[in-house]
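Chain A is the first sequence line, chain B the second, and so forth, proteins listed ahead of strands; every chain is numbered from 1.
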There are 2 protein chains.
Amino acid sequence: MVTRTASERREERRQAYDAYLKECPARQLLDRISDKWVSLVLVALSDGPRRYSELNHTIAGVSQKMLTQTLRSLERDGLVTRSITADVPVRVDYELTPLGHKLMPVMAAIKSWAEENIEDVLASRERYDRSRPDND
Amino acid sequence: MVTRTASERREERRQAYDAYLKECPARQLLDRISDKWVSLVLVALSDGPRRYSELNHTIAGVSQKMLTQTLRSLERDGLVTRSITADVPVRVDYELTPLGHKLMPVMAAIKSWAEENIEDVLASRERYDRSRPDND
DNA sequence: CTGAATCCGGTCAGATACTG
DNA sequence: CAGTATCTGACCGGATTCAG
């Protein structure tokens, strides 16, 4: 037929909405800081520059790949700077930019809410799980 | 040998760190609100209760599965309530709890930062990408 | 020391079909 | 109307290996 099917129209709506979401600043920021390693790196850099190896040690669980990937994306977004000292062996320092520093209060707000309310959340979870022991 | 290898000790460190992260309140909150649909649902509910079908329509891109899953997890965490009206057809309303409402300022802080700084971030991205056109 | 490249196993979101 | 159940393909993180 010539007219679009319902599913086709739904698909169009979905794509338009996806495009809308991609442009939403808050969505983009959430995608950035919600990354598992991003927040840890930001915190690790919050009180001064750090070497790659320092970060790798401080954030014990991270793999080289993920650490590098995270740092690259943060550099791309202008949140951290990367400075190479052509020594032997090579030395690379990462540091928060002013823009990166401006992000810290937001992180603090998240942390603050979490610490104040996490007990309620955990209690609610327990209650929920106890009331439905079958759904696992 | 009897002594643990370096990789074994590293593995232990990693697991200990993972456990530590799982207990970190801020990490847990980030995991929660960073979920793609959670923020959208919270915003959609921020000015009053909504029916399932309303949410499904408002958040155009979401699938039934994801919407239900998201709502369940929010209910489990005590952020929204679910109330069924045994009618024909069934009617289900979702509403923010007080705890859920308390989360809105945090969302607002994120949104605010994003709207104020997204341009800098985007500009930085363009600059970065222009300077390395080969890395794609 | 810092990082790139590759492979791979698990996870997760979406489509589809079915139910009270 | 408001879900549940199942399947599947895409994506992602980690381990490993190689390089400047």
> Under the salt bridge (charged side-chain N to carboxylate O under 4.0 Å, His left out) rule, what pairs show up with a residue in residues 40-49 of chain A, not counting sequence neighbours?
Replying inline: A:Asp47-A:Arg50
> Who are the side chain to side chain donor-acceptor pair (under 3.5 Å) partners of A:Arg27, not counting sequence neighbours?
Replying inline: A:Asp31, B:Ser39
>> Just to verify, what does A:Arg51 make a side-chain contact (heavy atoms from CB on, under 4.5 Å) with, not counting sequence neighbours?
In response: A:Ser53, A:Glu54, A:Arg91, A:Asp93
> Expressed in angstrom and rounded to an integer, what is the separation of B:Asp87 atom CG from D:dC1 atom C1'?
Replying inline: 11 Å
> At under 4.0 Å, does any side-chain N or O of A:Trp37 touch on OP1 or OP2 of D:dC12?
Replying inline: no
> To the nearest 10 degrees, what angle separates the axes at the start and end of the helix from C:dC1-D:dG20 to C:dG20-D:dC1, five pairs each?
Replying inline: 40°
>> Between C1' on C:dA5 and CD on A:Gln69, what's the gap in Å once rounded to a whole number?
In response: 12 Å
> Between C:dA13 atom P and A:Asp31 atom CG, what is the distance in whole Å?
Replying inline: 13 Å
> What integer distance in Å separates A:Leu67:CG from C:dA5:C1'?
Replying inline: 17 Å
> What residues, two or more places apart in sequence or in another chain, satisfy side-chain contact (heavy atoms from CB on, under 4.5 Å) together with A:Val43?
Replying inline: none
Could you list the protein-to-nucleotides 2-9 of chain D atom pairs, N/O on both sides, closer than 3.5 Å?
unit_1: D:dA2; atom_1: OP1; unit_2: B:Arg51; atom_2: NE; d: 3.3
unit_1: D:dA2; atom_1: OP1; unit_2: B:Arg51; atom_2: NH2; d: 3.2
unit_1: D:dA2; atom_1: OP1; unit_2: B:Val92; atom_2: N; d: 3.4
unit_1: D:dA2; atom_1: OP2; unit_2: B:Ser53; atom_2: N; d: 2.9
unit_1: D:dA2; atom_1: OP2; unit_2: B:Ser53; atom_2: OG; d: 2.8
unit_1: D:dG3; atom_1: OP1; unit_2: B:Arg72; atom_2: NH2; d: 3.2
unit_1: D:dG3; atom_1: OP1; unit_2: B:Arg82; atom_2: NE; d: 3.2
unit_1: D:dG3; atom_1: OP1; unit_2: B:Arg82; atom_2: NH2; d: 2.6
unit_1: D:dG3; atom_1: OP2; unit_2: B:Tyr94; atom_2: OH; d: 2.7
unit_1: D:dG3; atom_1: N7; unit_2: B:Gln64; atom_2: OE1; d: 3.0
unit_1: D:dG3; atom_1: N7; unit_2: B:Gln64; atom_2: NE2; d: 3.4
unit_1: D:dG3; atom_1: O6; unit_2: B:Gln64; atom_2: OE1; d: 3.4

>> Could you work out, with side-chain contact (heavy atoms from CB on, under 4.5 Å) as the rule, every residue matching B:Thr97, not counting sequence neighbours?
In response: B:Thr81, B:Leu99
>> According to salt bridge (charged side-chain N to carboxylate O under 4.0 Å, His left out), does anything in residues 63-75 of chain B pair up with another residue at least two apart or in another chain? List the pairs.
In response: A:Arg132-B:Glu75
>> Can you list everything that forms a side-chain contact (heavy atoms from CB on, under 4.5 Å) with B:Ala109? Sequence neighbours excluded, please.
In response: none
>> By the definition side chain to side chain contact (heavy atoms under 4.5 Å, CB included), identify the one residue from B:Ile59, B:Leu71, B:Leu55 that meets it with B:Trp37.
In response: B:Ile59
> Given atom CZ of B:Arg50 and atom P of D:dC1, what is their separation to the nearest angstrom?
Replying inline: 17 Å
> Roughly, in whole Å, what's the span from CE in B:Met66 to P in C:dC12?
Replying inline: 9 Å
